[in-house]
Amino acid sequence: MLPFFTADFGNAASRSHAFGWAADAAVEAARQQVALLIGATPKEIVFTSGATESNNLALFGVMQAAGATKRHLVISAIEHASVLETAAALSSAGFEVSTVGVPSDGVVRVSDVEAVLRPDTALVSIMAANNEIGTLAPLEAIGELCRGRGVYFHTDAAQAAGKIEIDVQRQHLDLVSLTAHKLYGPKGVGALYVRRRDPRVRLTPRSFGGGHERGFRSGTLPVPLIVGFGRACQLAAEVMPEEAARLLSLRTRLLSGLAGSLPGLVVHGDLERRLPGNLNVSFGELEAEPLLLSLRDFALSSGAACASATLSPSHVLRALGVPKELIHGSLRFGLGRGLTEDDIDLVVLRVVAAVSKLRDLLA
Ligand SMILES: *Cc1c(COP(=O)(O)O)cnc(C)c1O
């Protein structure tokens with residue numbers, strides 16, 4: 001990324017000089033790297049500022065382009081705020097939104113999606129992997145259902161891309177949201193995959209101007225961020241199989257370490273259909289806040305990172321039917337690249353000590 005902040009400072013949209021061509025070449029190389037990660041072609045990748053913008057563009061863009069006879073949108077109850085809030089805004093604007101619930105395992109069922117489809121459904125948006133509990137959606141089956149009904153299928157793959165396989169062909173995906181920083185790239189850049197054929201997605205832009213990114217997203221491209229995003233996608237694809245297996249074994253070690261010393265531990269969400277690097281647990285009725293205070297040297301959180309400033313109980317755990325006392329005590333462990341068995345053993349030791357101490361105080 002560094003040369004593109006300084007020496008190679010060309011604007012990728014400048015067609016009249018070599019500085020612009022070099023920047024454009026770097027952007028196109030990155031576009032190819034991003035496309036490869038999800039089995040897409042480079043022309044189908046629209047660079048954005050991240051998954052929030054991609055989700056907004058996908059939902060608003062498809063619904064606005066869909067026409068008067070297709071006014072219905074389907075989402076799930078455990079979507080990220082950038083999907084939930086966009087759906088709420090669309091609903092206020094006169095579109096109809098159906099929200100599919102989840103059973104206590106946190107996995108969306110295809111039959112529940114099928115049950116709410118209507119002749120006027122334009123779009124189904126179901127996240128690939130949940131950001132709080134890591135549960136995975138049956139993308140291929142939902143994609144097949146949507147394709148058969150002539151409904152576009154969008155997935156928010158911010159958490160899934162680079163961690164588990166995302167394949168726009170096999171999973172019949174028409175739109176996919178990505179963000180670089182969830183796969184070790186820079187913050188402030190992401191992409192929306194927009195299918196070009198079989199079927200071609202009709203999408204109305206949200207921002208207007210110079211017509212960059214096939215007219216879907218005007219504005220000068222952040223070349224250094226895009227270069228970093230591309231390289232991060234390439235690296236993620238390279239290490240994905242080993243890294244997934246490694247994280248799963250570390251998570252198993254973490255869970256057995258915690259469960260072995262802390263009776264009453266509850267795991268939220270299905271353990272099998274789940275991102276390998278996610279564990280979300282409660283320790284009986286213990287509150288998470290005082291626990292987190294005594295574990296401040298670990299990057300742990302309760303609920304979603306973006307919602308941890310507020311104390312509102314997780315909408316994801318509520319959708320699973322988790323009792324309120326357990327929601328307030330939920331702790332989310334995110335395991336990632338560079339983490340070792342020693343790190344896991346240390347966190348187990350410290351969490352067990354912190355929980356035991358708090359339990360003693362309250363006993
Ligand atoms: C992080 C995240 C987002 C938002 O990504 P930004 O880069 O903050 O825009 C959207 N959806 C999911 C599932 C996420 O985890």
Side-chain angles (χ1 to χ4, degrees), residues 44 51-52 54-130 135-158 160 166-177 192-206 216 273 315-316 318-321:
E44 297 174 304
T52 297
S54 298
N55 287 338
N56 275 258
L57 177 57
L59 269 61
F60 274 120
V62 167
M63 296 313 292
Q64 277 173 353
T69 59
K70 295 262 189 183
R71 305 280 291 171
H72 182 228
L73 165 70
V74 175
I75 62 167
S76 88
I78 60 170
E79 297 300 310
H80 185 264
S82 54
V83 166
L84 293 177
E85 294 299 317
T86 303
L90 282 163
S91 170
S92 303
F95 291 91
E96 291 188 49
V97 179
S98 294
T99 305
V100 176
V102 288
S104 59
D105 62 13
V107 177
V108 173
R109 298 296 193 271
V110 191
S111 52
D112 291 340
V113 177
E114 186 167 19
V116 299
L117 287 187
R118 312 191 318 207
D120 64 338
T121 307
L123 177 68
V124 168
S125 178
I126 305 283
M127 69 202 319
N130 183 267
T135 49
L136 309 178
L139 292 184
E140 192 173 343
I142 300 173
E144 217 168 84
L145 168 71
C146 292
R147 188 62 52 83
R149 298 291 185 90
V151 174
Y152 290 136
F153 180 30
H154 165 251
T155 194
D156 173 357
I166 297 291
D167 185 323
V168 298
Q169 299 301 8
R170 192 173 63 74
Q171 293 161 337
H172 315 289
L173 306 171
D174 300 314
L175 301 112
V176 180
S177 296
L192 180 65
Y193 159 78
V194 184
R195 178 176 286 279
R196 268 166 68 88
R197 58 168 60 97
D198 308 319
R200 183 182 185 88
V201 172
R202 285 167 45 83
L203 191 74
T204 301
R206 296 284 294 154
F216 289 137
R273 288 163 292 180
H315 71 279
V316 174
R318 264 186 298 163
L320 267 61

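In what follows, every heavy atom counts, from backbone to side chain, and hydrogens, waters and symmetry copies are set aside. Counting from 1, the numbers follow the sequence of the chain as shown.
For A89, the side-chain contact (heavy atoms from CB on, under 4.5 Å) test picks out F60, with sequence neighbours left out. Residues meeting the salt bridge (charged side-chain N to carboxylate O under 4.0 Å, His left out) test with R195, sequence neighbours left out: D174. In this view, D105 and P103, V107, R109, D270, R273 satisfy the side-chain contact (heavy atoms from CB on, under 4.5 Å) rule, not counting sequence neighbours.
With contacts defined as side-chain heavy-atom distances shorter than 4.5 Å, the pair L117/L145 qualifies. Looking only at side-chain heavy atoms (C-beta outward), D120 and T69 stay at 4.5 Å or farther from each other. In this structure the side chain of H154 never reaches within 4.5 angstrom of the side chain of V62, judged on heavy atoms.
Looking only at distances, a side-chain donor or acceptor of N130 sits under 3.5 Å from a matching main-chain atom of I78. Proximity of a side-chain donor or acceptor of E96 to a complementary backbone N or O of H72 within less than 3.5 Å is not detected. Side-chain N or O atoms of T155 include one that pairs as donor or acceptor with a backbone N or O of A128 at under 3.5 Å. Put simply, the side chain of Y152 gets close to the backbone of R202: a donor and an acceptor are under 3.5 Å apart. Within the 3.5 Å criterion, the main-chain N or O of L192 finds no donor-acceptor partner in the side chain of S177.
Contact record, D198 with R147: O-NH1, 3.5 Å, taken as the closest heavy-atom pair. Looking at every heavy atom in both residues, R71 comes nearest to G94 through NH2-O, 3.6 Å. Contact between S82 and N55 at its shortest, heavy atoms only, is OG-ND2, 3.0 Å. For T204 against L57, the heavy-atom pair with the smallest separation is O-CD1, 4.0 Å. Listed here is the closest heavy atom pair of A160 and I166: CB-CD1, 3.9 Å. Across R149 and E114, no two heavy atoms sit closer than the pair NH2-OE2, 3.1 Å.
Here the CG-CZ distance, from L59 to F95, works out to 10.5 Å after rounding to the nearest 0.5 Å. Rounding to the nearest 0.5 Å places NE2 of H80 at 12.0 Å from OG of S125. Here the CG atom belonging to L136 is positioned 10.5 Å from the CE atom belonging to M127, to the nearest 0.5 angstrom. For the atom pair CD of E140 and CD of Q169, the computed distance is 12.0 Å after rounding to the nearest 0.5 Å. Taken from CZ in R200 to CD in E44, the straight-line distance is 9.5 Å, to the nearest 0.5 Å.
Under the side-chain contact (heavy atoms from CB on, under 4.5 Å) rule, F153 has a single partner from L139, L123, L175, which is L139. Applying the side-chain contact (heavy atoms from CB on, under 4.5 Å) test between T121 and each of V151, V116, L73 identifies V151 as the sole match.
When only modelled atom types and interatomic distance are considered, S76 and E79 share a side-chain donor-acceptor pair under 3.5 Å. In this model, a donor atom of one side chain and an acceptor atom of the other lie less than 3.5 Å apart for T86 and N56.
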